[in-house]
Amino acid sequence: MTIITVPTKPVAGQRPGTSGLRKKVEVFRQPGYIENFVQSVFDSLEGFAGKTLVVGGDGRYYNAEAIQVILRLAAANGFGRVLVGRDGILSTPAMSCVIRKQRAFGGLILSASHNPGGPEGDFGIKYNISNGGPAPEKITEAIYRRTQEITAYKTVASPDIDLSRLGPASVAGVEVEVIDPVADYAELMQNLFDFRRIRAMFRSGAFRMRFDAMHAVNGPYAKTILEDMLEAPTGTAMNAVPLPDFGNGHPDPNPVYAKELVDIVFGPDAPDFGAASDGDGDRNMIVGRRFIVTPSDSLAVLAANAHLVPGYAQGIAGVARSMPTSRAADRVAEALGVACYETPTGWKFFGNLMDAGKVTLCGEESYGTGSDHVREKDGLWAVLFWLNLLAVRGESVETIVRSHWRRFGRNYYSRHDYDGLESAAADDLMEHLRGSLAALPGQRFGELTVESADDFAYTDPIDGSVSTRQGVRIGFAGDSRIVFRLSGTGTEGATLRVYLERFEADPARHDIEAQTALAGLISAADEIAGIKARTGREAPDVVT
Ligand code: VG1
Ligand code: CO
């Protein structure tokens, strides 16, 4: 093999955020941009000579081109074998599954996840380590440092391979295998859930569901698993062909962007169950007939019912949730007598806890749920978990959630996003908040009295690494809370996220519309942070 060493210069701004490096497609298309970043990833790793790398993405615009570039870099840098999903497709959870099952050294995921795609949209790259999970901060920071000092990248002169043909291929003599992106993942799902029982539920004809793949990566997974293996009627999976621009949609499964599905479950002749997943298939939204389940509640319900599902029948070791996620799961963990961990936002913080056997289930308020079956959040897994529960309990989604609230109380919850803010204004707002923390305890805002105020810092209980400035949290008497943080996945200006949570024990008060139940917190958030004054915005752009 003739390795070509191409001189290059550092490109500014290649710092991975909450989940990988995300930029506009036009940024990624600059000559050498991908090469610089991927070479920096390889330069930050050790001991991969002759080992296996997995490559795949969510099928968005530029996916295939990026993969061909990466295959040449992987060959030149000494990987022994590369597995790549057919047509360049691998969902994020399937990537995690394949890395683990095939004992690969690591993987590169081409995705900007829930961000829009297409020539004017976003692109992204994320590196996953050998446990199948996202690289921890220690590695992502090393990659970033490397991008600032890189002088050359290594590649080979070798033609593009045919990504549509399953089986062996070669890049400059290095073995490349085009794999079925669904097979390993589907087998894992079959081992966790009671497929016979779910199949019987579909066969009965008395249960109907719709799964919205949002024209993103989970389409083929849903078709195979729901329609072929579980015999749900054809058409159960909608928008099931991955498109480079996600059909011009925003592949973020929440009631705002998955409106098509929400309209179906609130419409005439609504199915019993609905679900959607995001660009790269790791997020999930769960809805019942005329009933929306918040992701925080979903995590709590899964934890409380895990013993009903074969893969978790032995019980769960513990639960972890990201800091802004509601504390509904904490109450379940307490009842089960297992630990509940609070981590910074981003799935990379769950990996150590799962590897150490401390937690089985993890979740985030941002429509992410998963378990130690892989090291990523997993959209279709959550859907199958719910299907398994519905089949065992024979009750509606609404009945299951309402009885959960009666037993554990209800954590009213909402997230308000202010998108595309001027970065300086958003930074000012956060700095001002941080500066006011010491004076907040004891202050009253309407009916609410501040009990605690801090900037969340996390010490990983396994490796002792410390992550600071992970979000401002303000606790109020009576178990209410507001969290403020800036997004680390956006590509335009800054996004302010305001997370609102209020606990209500009394079942007689479990029927209030969420924004009404949270009204006191919503105005307190504005008073404390000066959102309107500092951003010039009258209202959030997205309320979930
Ligand atoms: C958001 C969510 C976070 C999630 C991350 C990646 O990050 O809040 O919970 O882990 O997206 O999800 P941020 O920094 O924008 O708040 V995915 O499905 O886009 O990889
Ligand atoms: Co995602």
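Nothing here was measured: the structure is a model prediction, and the numbers come from that model.
- When atom types are taken as modelled, the side chain of K23 and the backbone of G13 share a donor-acceptor pair closer than 3.5 angstrom.
- Residue pairs that meet the salt bridge (charged side-chain N to carboxylate O under 4.0 Å, His left out) test with at least one member in residues 64-88, sequence neighbours left out, are R72-D160.
- Smallest separation of non-hydrogen atoms from Y221 and A94: OH-CB, 3.4 Å.
- Using a 4.5 Å heavy-atom threshold, the side chains of M214 and F246 count as separate.
- Separation of atoms CZ (F349) and OH (Y458) is listed at 8.0 Å; rounding is to 0.5 Å.
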(message) side chain to side chain contact (heavy atoms under 4.5 Å, CB included) for E376 and I109? Distances and angles first, verdict last.
(response) CA-CA 12 Å; E376 286 280 6; I109 303 178; 4.3 Å; yes
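- Between R60 and D122 there is no salt bridge, since no side-chain N of the basic residue sits under 4.0 Å from a carboxylate O of the acidic one.
- Taking 4.0 Å as the cut-off between side-chain N and carboxylate O, E365 and R497 do not count as a salt-bridged pair.
- Annotation: side-chain hydrogen bond (donor to acceptor under 3.5 Å, both in side chains) contacts of S465 (sequence neighbours excluded): D463.
- A donor-acceptor contact under 3.5 angstrom links the side chains of D378 and Y185, judged on distance only.
- Judged by distance alone, with hydrogens and angles left aside, the side-chain atoms of D278 form a donor-acceptor pair with the main-chain N or O of D282 at under 3.5 Å.
- Here the side chain of Q190 pairs no donor or acceptor atom with the backbone of F195 at under 3.5 angstrom.
- Classification of the Y499-Y413 ring pair by plane angle, with boundaries at 30° and 60°, yields tilted.
- At a threshold of 4.5 Å between non-hydrogen side-chain atoms, the residues L486 and L496 count as touching.
- Closest approach of A382 to T369, counting heavy atoms only: CB-OG1, 4.1 Å.
- A side-chain donor-acceptor contact under 3.5 Å links K348 to the backbone of T18.
- No side-chain heavy atom of L192 sits less than 4.5 Å from a side-chain heavy atom of L384.
- The OG atom of S322 lies 9.0 Å from the CZ atom of F456; values are rounded to the nearest 0.5 Å.
- In this structure, CE on M323 lies 6.0 Å from OG1 on T345, to the nearest 0.5 angstrom.
- Side-chain contact, S96 with N128: no donor N or O sits under 3.5 Å from an acceptor N or O.
- A donor-acceptor pair under 3.5 Å links the side-chain atoms of N115 to the main chain of T489, judged by distance alone.
- Counting only residues at least two apart or on different chains, the salt bridge (charged side-chain N to carboxylate O under 4.0 Å, His left out) pairs with a member in residues 534-544 are R537-D541.
- The side-chain heavy atoms of S113 and T92, taken from C-beta on, include no pair separated by under 4.5 Å.
- Side chains of T544 and N254: no donor on one and acceptor on the other come within 3.5 Å.
- In this structure a side-chain-to-backbone donor-acceptor pair under 3.5 Å is missing from T52 to F105.
- The pair E342-R321 meets the salt-bridge criterion, with a side-chain N (NZ, NE, NH1 or NH2) lying under 4.0 Å from an Asp/Glu carboxylate O.
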(request) Could you walk me through whether I34 and Y153 pass side chain to side chain contact (heavy atoms under 4.5 Å, CB included), step by step? (result) CA-CA 10 Å; I34 291 194; Y153 62 83; over 6 Å; no
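- Contact annotation: the side chain of W381 never approaches that of V374 to less than 4.5 Å [non-hydrogen atoms, C-beta and beyond].
- Note on R210 versus D212: no salt bridge recorded, every NZ/NE/NH1/NH2 to OD/OE distance being 4.0 Å or above.
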(request) Check the pair T535, L429 against side chain to side chain contact (heavy atoms under 4.5 Å, CB included), reporting the backbone distance first and the verdict last. (result) CA-CA 8 Å; T535 66; L429 183 148; 4.1 Å; yes
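- A side-chain donor-acceptor contact under 3.5 Å links Q68 to the backbone of I161.
- The side-chain heavy atoms of L226 and M209, taken from C-beta on, include a pair separated by under 4.5 Å.
- V359 and D372 get closest at one heavy-atom pair: O-OD2, 4.1 Å.
- Considering only heavy atoms from C-beta on, S298 stays 4.5 Å or farther from F385 through its side chain.
- When atom types are taken as modelled, the side chain of Y61 and the backbone of V25 share no donor-acceptor pair closer than 3.5 angstrom.
- The closest donor-acceptor contact from the side chain of E364 to the backbone of G346 lies under 3.5 Å.
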(message) The test is side chain to side chain contact (heavy atoms under 4.5 Å, CB included); show your working for I70 and I67 and say whether it passes.
(response) CA-CA 5 Å; I70 291 170; I67 287 177; 5.5 Å; no
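- I143 contributes atom CD1, which lies 10.0 Å from atom CD1 of I125 (distance to the nearest 0.5 angstrom).
- Taking every heavy atom of both residues into account, S296 and T325 meet most closely at OG-CG2, 3.4 Å.
- At distances below 3.5 Å, not a single donor-acceptor pair connects side-chain atoms of S366 with backbone N or O atoms of G368.
- Between F42 and F79, the distance separating the two ring centers is shorter than 6.0 angstrom.
- Using cut-offs of 30° and 60° on the angle between ring planes, the pair F350 and W347 is perpendicular.
- To the nearest 0.5 Å, atom CG of residue L163 and atom CD1 of residue I89 are 10.0 Å apart.
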(request) Could you please spell out the steps behind the side-chain hydrogen bond (donor to acceptor under 3.5 Å, both in side chains) verdict for N284 and S277? (result) CA-CA 5 Å; N284 73 91; S277 60; over 6 Å; no
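- Atom-to-atom distance recorded for L380:CG and L387:CG is 9.0 Å, nearest 0.5 angstrom.
- Side-chain atoms of L110 and V55, non-hydrogen and from C-beta on, do get closer than 4.5 Å to each other.
- Among all heavy-atom pairs drawn from V265 and P271, the shortest one is CG1-CG, 4.2 Å.
- Residues G279 and D58 share a closest heavy-atom pair of O-CB, 3.3 Å.
- Q148 CD: more than 12 foreign heavy atoms inside a 6.0 Å radius.
- Look at E141 and R15 and you find a salt bridge, because one of the NZ, NE, NH1 or NH2 atoms lies within 4.0 Å of a carboxylate O, short of that distance.
- Within a 6.0 Å sphere centred on CD of E431, other residues, nucleotides and ligands contribute more than 12 heavy atoms.
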